[in-house]
A.B. asks: 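Before I ask anything, let me first share the structure, which is written out below as structure tokens.
Whatever order the structure lists ligands and atoms in, that order sets their numbers, starting from 1.
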Amino acid sequence: MLYISTRGGMPPKKFSRILLGGLAPDGGLTLPETYPRFDDAKLQELRDMDYPELAFEILSGFADDIPAADLRAIIGRTYTAQSFQNDEITPLKTLEPGLHILGLSNGPTLAFKDIALQLLGNLFEYALDKNGEQLNILGATSGDTGPSAEYAMRGKRGIRVFMLSPHGKMSPFQTAQMFSLHDPNIFNIAIRGVFDDCQDIIKAVSNDYAFKQKYRIGTVNSINWARIAAQTVYYFKGYFAATRSNTEQVSFAVPSGNFGNICAGHVARMMGLPIKKLILATNENDVLDEFFRTGHYRPRTTAETVQTSSPSMDISKASNFERFIFDLTGRDAAKVKELWQAVDEGGAFDLADTPLWERIEDFGLVSGTSSHADRIATIRRVHDRYGLVIDPHTADGVKAGLEHRDASVPLICLETALPVKFSASIVEAIGHEPERPAGYENIEEKAQRYVVMDADAGAVKAFIVEQAGPPQTAAAI
Ligand SMILES: *Cc1c(COP(=O)(O)O)cnc(C)c1O
């Protein structure tokens, strides 16, 4: 399997060559040249597999330059009952016949991002170890990605994590999740400023190409292809759990931000999984809902992006969306390049009244949006009717899902976080605090390890130099 760029400017590369990278050199995103196709016989073979076996069957198609025994071992130590609290890894909860929640949030940080990032941590360690290389991961978080990335990379050989967060602006729970890690390869840097200041520092460091090369600075952002590949697995797992035969179709409702999660659903559908609809849910930041209703893609500015009670979906620009549009155009890289030229210059594009828009139905994507009041009402309704407490992001998915539900097609709503992370909204909806999973009871009282710094890229660079030791001479990633 070889990988190409959505903008056509990258010579085809093996999986291991794109694993550690971010954007393709031409500014596009990497994708396999063709998707593996699973026929009915193959689906039948996969149907009764446990999560690690299923993950191996799917991921070995994407990562075919990693020896099978090595990949099996990496997957085996990632998807354990110990890390994900149960053997199913992603258990299906049935609310009523034909309506399900797929539990994706039982990993160490209680959010679905763990499913991909836990694998990424082991894949990165393996790849770096093989070449005797090191990587310094620099990231910024306003709450969700930071803990997932740190729990994925803690204790990994050859990897250090430098995670910037706005000092005193995350919830006490999220702060405790990150700052209570005492692993020597994890560095929490609390910046005196807001999240945008943290992102500006990342941009400044990334623009210093020489520094980036010298100190092997990398990221774990959501455009990484291995993250998407890892997420396709639970679409298969959920499908098999909700159906008895491969002649049945299901629909998925997906709380969306950067279009990473639902992109994995799209890939699973392209691989032959019988998905009727992929129902994309947004919150008040409805840039993607606007596109799927009208054909008009208009990324917003940071100033236009509002803070909501489903904060992990507060995005102004959906970084993985380009992968979907590449497939929509029939993999026309020149067309994608033309469309994103406008986007990269701060503009928009409109596919309405073009032949491309007529094809959109073939891809099964539909959308819906929620307000804060919708979210609260949905949490209350699911609690009253089914006795289950869901988090605000999952609630956005359930709301859009029910709007697009077909009577004869099972609906699987993806649970993207546990309610304990967003207790204020839960109290507002049902009048009491959500349950805390075992091990998280007193997390806020644990000793914390972090440094506080001014919003100054130079100071952050100096800190990295001090911690990372002498620069590396290995080849660039
Ligand atoms: C990241 C995140 C999302 C959005 O997922 P994308 O892959 O960016 O679309 C939704 N809900 C939660 C809780 C998240 O952490």
A.B. asks: Just by distance, with hydrogens left out, do Asp114 and Thr109 show a side-chain donor and acceptor under 3.5 Å apart?
C.D. replies: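 On atom types as modelled, these side chains qualify, holding a pair under 3.5 Å.
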A.B. asks: So, Ser165 and Thr141: side-chain donor and acceptor under 3.5 Å apart, yes or no?
C.D. replies: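 There is no such pair between these side chains.
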A.B. asks: How about Ser425 and Arg375: does a side-chain donor come under 3.5 Å of a side-chain acceptor?
C.D. replies: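 Distance-only check fails for Ser425 and Arg375.
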A.B. asks: Side chains of Asn320 and Asn258: is there a donor and an acceptor less than 3.5 Å apart?
C.D. replies: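 No, no side-chain donor-acceptor pair sits under 3.5 Å.
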A.B. asks: Please output the residues near ligand 1 using a strict heavy-atom distance under 4.0 Å, listed in chain and residue-number order.
C.D. replies: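 Heavy-atom contacts below 4.0 Å: Phe112, Lys113, Asp144, Pro255, Ser256, Gly257, Asn258, Phe259, Gly260, Asn261, Ser312, Met313, His393, Thr416, Ala417.
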A.B. asks: Quick one: does any side-chain atom of Arg227 pair with a main-chain N or O of Val220 as donor and acceptor, under 3.5 Å?
C.D. replies: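 Checked: pair present.
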A.B. asks: Establish, from distance only, whether the side-chain atoms of Asn86 and Tyr51 form a donor-acceptor pair under 3.5 Å.
C.D. replies: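 Note: Asn86 and Tyr51 side chains miss the donor-acceptor criterion.
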